[in-house]
Each structure stands twice: as structure tokens, then as C-alpha cells.
Participant: 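One structure, pasted below without further comment.
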Amino acid sequence: MSIRNMVARLRAVYPSVDAVTVETTVRTAYGSFHQGRVRAYVPILVERRSRSVLRAACLTAPGQAIDRGAAPETRRAHPGPEKD
């Protein structure tokens with residue numbers, strides 16, 4: 001999986017996080033697995049780490065984001081303004 005594809009997918013999941021932050025997060029995660037011996041798992045681990053970081057960014061940012069990558073029974077909206 002390319003970095004560009006992962007960034008595009010994560011930008012759709014976390015629209016409240018700016019594009020530069022999403023790309024930097026993904027590139028940083030890839031860099032942390034640079035020495036990984038089993039390369040087949042690197043994209044999965046990068047995406048998990050990136051989602052974790054971006055989820056935390058959404059918690060500190062105003063608005064609401066939903067992690068669409070989670071299983072339906074575990075999806076939770078992040079705190080945001082209440083709608084009537």
C-alpha cells in the first residue's frame with residue numbers, strides 16, 4: 001500500500017485533522033518501522049499507529065470525528081458539539 005493511498009483514506013476518516021498532519025503522521029509511523037524485519041506487516045502497523053495518533057488529535061480538536069475503521073459495535077463519536 002502506498003503512503004498516498006493511506007493518507008487519502010485516513011483524511012476521509014479524520015476530516016477535522018489537516019492534510020499535512022495526516023501525511024506527517026503516516027510518514028513518521030513508516031519511519032518508526034524502517035528497521036522492521038517482517039515487511040509484510042508494516043502497512044498494517046503503520047495504519048494502526050497513525051489511527052491512534054489521529055484519534056488523539058481529534059480528541060483535542062473541536063468538532064466531531066468517527067473512526068470508520070473500527071468494528072461497528074466499537075465505533076464511537078469523539079466529543080463534539082451536541083446537535084438537536
Participant: Let me confirm one number: the CG-CG distance from Leu59 to Leu54, rounded to the nearest 0.5 Å.
Facilitator: 11.0 Å
Participant: Measure the spacing between CG of Leu45 and CZ of Phe33 and express it to the nearest 0.5 Å.
Facilitator: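 The distance works out to 4.5 Å.
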Participant: For Val22 and Val7, which heavy atoms make the closest approach, and how far apart are they?
Facilitator: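 The answer is CG1-O, 3.8 Å.
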Participant: What is the minimum heavy-atom distance between Pro43 and Met6, and which atoms define it?
Facilitator: O-CE, 3.5 Å
Participant: Is the closest side-chain heavy-atom distance between Val42 and His34 below 4.5 Å?
Facilitator: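 Not touching, per the 4.5 Å side-chain cut-off.
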Participant: Quick one: which residue pairs count as a salt bridge (Lys or Arg N to Asp or Glu O under 4.0 Å) with a foot in residues 13-42, not counting sequence neighbours?
Facilitator: Glu23-Arg27
Participant: According to side chain to side chain contact (heavy atoms under 4.5 Å, CB included), who are the partners of Val53, at least two apart in sequence or on a separate chain?
Facilitator: Thr25
Participant: Evaluate the criterion side-chain contact (heavy atoms from CB on, under 4.5 Å) for residue pair Val13 and Arg51; output intermediate values, then yes/no.
Facilitator: CA-CA 9 Å; Val13 174; Arg51 283 180 183 272; 3.8 Å; yes
Participant: Starting at OH of Tyr30, measure out to CZ of Arg49 and round the result to the nearest 0.5 Å.
Facilitator: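 So the gap between those two atoms works out to 12.5 Å.
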Participant: Check whether Thr21 reaches the backbone of Val17 with its side chain - one donor and one acceptor, N or O, closer than 3.5 Å.
Facilitator: no
Participant: Check for me, please, whether Val20 and Tyr14 land in the same ILVMFWY cluster - side-chain distances under 4.5 Å, paths through other members count.
Facilitator: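 Cluster IDs for Val20 and Tyr14 differ.
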